[in-house]
**Q** 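Sharing a structure here in structure tokens format.
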Amino acid sequence: MGYVGEHVKFCSECAAPVSLRIPVGDDRERYICSFCEKIFYTNPKVIVGCLPTVGEKILLCKRAIEPRYGKWTLPAGFMENGETSLAGAARETLEEANAKAINLKLYRVFDVPHISQVYLFYLCTLEDDMFGAGPESLETGLFRQEEIPWDNLAFPVVAQTLKEFLADRKGGHFTVRNSVVRVQRPVVNKG
Ligand code: ZN
């Protein structure tokens, strides 16, 4: 496998080009400045989001951005510097669904090593049951189990998380799961 992290082209210290080399004493390739030898360590991105419920219904957002424009998803996005994962999940829910997430509980962890990402989904309820489309959403909506648009979900991890949630809810017990997404797969899940 080649370099799967964020790419770096130029040194942020001296503007010289960087190249991939294994530093002395290291065991993997890093971007190193050709002039000042500064090493640029890139690390995985964390995507944080929520599975918000209002009563028995689940809040989904229709994406107004690529990739998967027009597909339904859970509110989620990149964790920001200096915030906690929980606060990031609540922030994304506010930004994408104009909804105030409360009672957040970690529910699902996906490791996606081939693109160096980690997804964290929290279960939550809403402070006042108010929601609406933020700038990155075309619309938002509450879905009963039988109304979930399985054929129009944006990402396999969203479908998987929803299926697990519905099964856990039926069983009356919610389990935190962690699994690895090995390759990109098309959305083929059916309720
Ligand atoms: Zn440099």
Side-chain angles (χ1 to χ4, degrees), residues 1-52 61-101 104-122 124 133-138 153-161 176-187:
M1 183 183 284
Y3 193 82
V4 295
E6 189 178 350
H7 293 283
V8 178
K9 285 184 176 168
F10 298 100
C11 178
S12 60
E13 300 292 318
C14 75
V18 301
S19 61
L20 277 174
R21 284 180 282 145
I22 301 176
V24 175
D26 206 337
D27 62 355
R28 66 195 67 202
E29 287 186 319
R30 311 286 184 184
Y31 285 106
I32 303 176
C33 178
S34 58
F35 181 75
C36 75
E37 299 286 316
K38 181 179 170 72
I39 303 171
F40 294 88
Y41 296 93
T42 66
N43 298 96
K45 296 273 192 194
V46 181
I47 288 86
V48 288
C50 281
L51 191 166
C61 303
K62 195 179 217 180
R63 289 173 65 83
I65 53 172
E66 295 291 351
R68 312 295 171 95
Y69 179 96
K71 300 289 187 181
W72 290 92
T73 191
L74 294 167
F78 290 108
M79 187 174 166
E80 297 284 6
N81 293 331
E83 75 180 353
T84 65
S85 57
L86 189 151
R91 176 183 51 73
E92 289 291 341
T93 304
L94 186 61
E95 288 177 2
E96 297 186 1
N98 286 326
K100 294 176 186 167
L104 283 79
K105 291 190 180 65
L106 182 64
Y107 181 59
R108 194 59 167 95
V109 180
F110 292 98
D111 287 294
V112 196
H114 67 279
I115 51 173
S116 291
Q117 293 184 344
V118 177
Y119 304 157
L120 304 177
F121 286 108
Y122 287 82
C124 75
E136 294 183 359
S137 301
L138 295 170
L153 294 178
F155 306 104
V157 293
V158 169
Q160 188 169 345
T161 302
V176 178
R177 296 180 182 83
N178 181 7
S179 65
V180 181
V181 179
R182 292 291 179 189
V183 289
Q184 293 283 351
R185 294 169 301 178
V187 178

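We're numbering straight along the sequence, starting at 1. Each ligand, and each atom within it, is numbered from 1 in the order the structure gives. Note: hydrogens, waters and symmetry copies are ignored here, and every other heavy atom, side chains too, is used.
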**Q** Protein N/O/S atoms under 2.8 Å of the Zn ion (ligand 1)?
**A** Cys11 SG, Cys14 SG, Cys33 SG, Cys36 SG
**Q** Does NZ or CZ of Lys105 fall inside the cone over Tyr107's six-membered ring, less than 6.0 Å from its centre and within 45° of the axis?
**A** no
**Q** Checking side-chain polar atoms at under 3.5 Å, does Thr93 have a donor or acceptor matched by the opposite partner on Tyr122?
**A** no
**Q** Cut-off 3.5 Å, side chains only: do Thr161 and Arg177 have a donor facing an acceptor?
**A** no
**Q** Holding to salt bridge (charged side-chain N to carboxylate O under 4.0 Å, His left out), I want the full list of residues that pass it with Arg91, two or more places apart in sequence or in another chain.
**A** Glu83, Glu95
**Q** What heavy-atom pair brings Leu106 and Val176 nearest, and what distance separates the two atoms?
**A** O-CG2, 3.2 Å
**Q** Using atom types as modelled and distance alone, determine if a side-chain donor or acceptor of Glu80 lies under 3.5 Å from a backbone N or O of Gly88.
**A** no
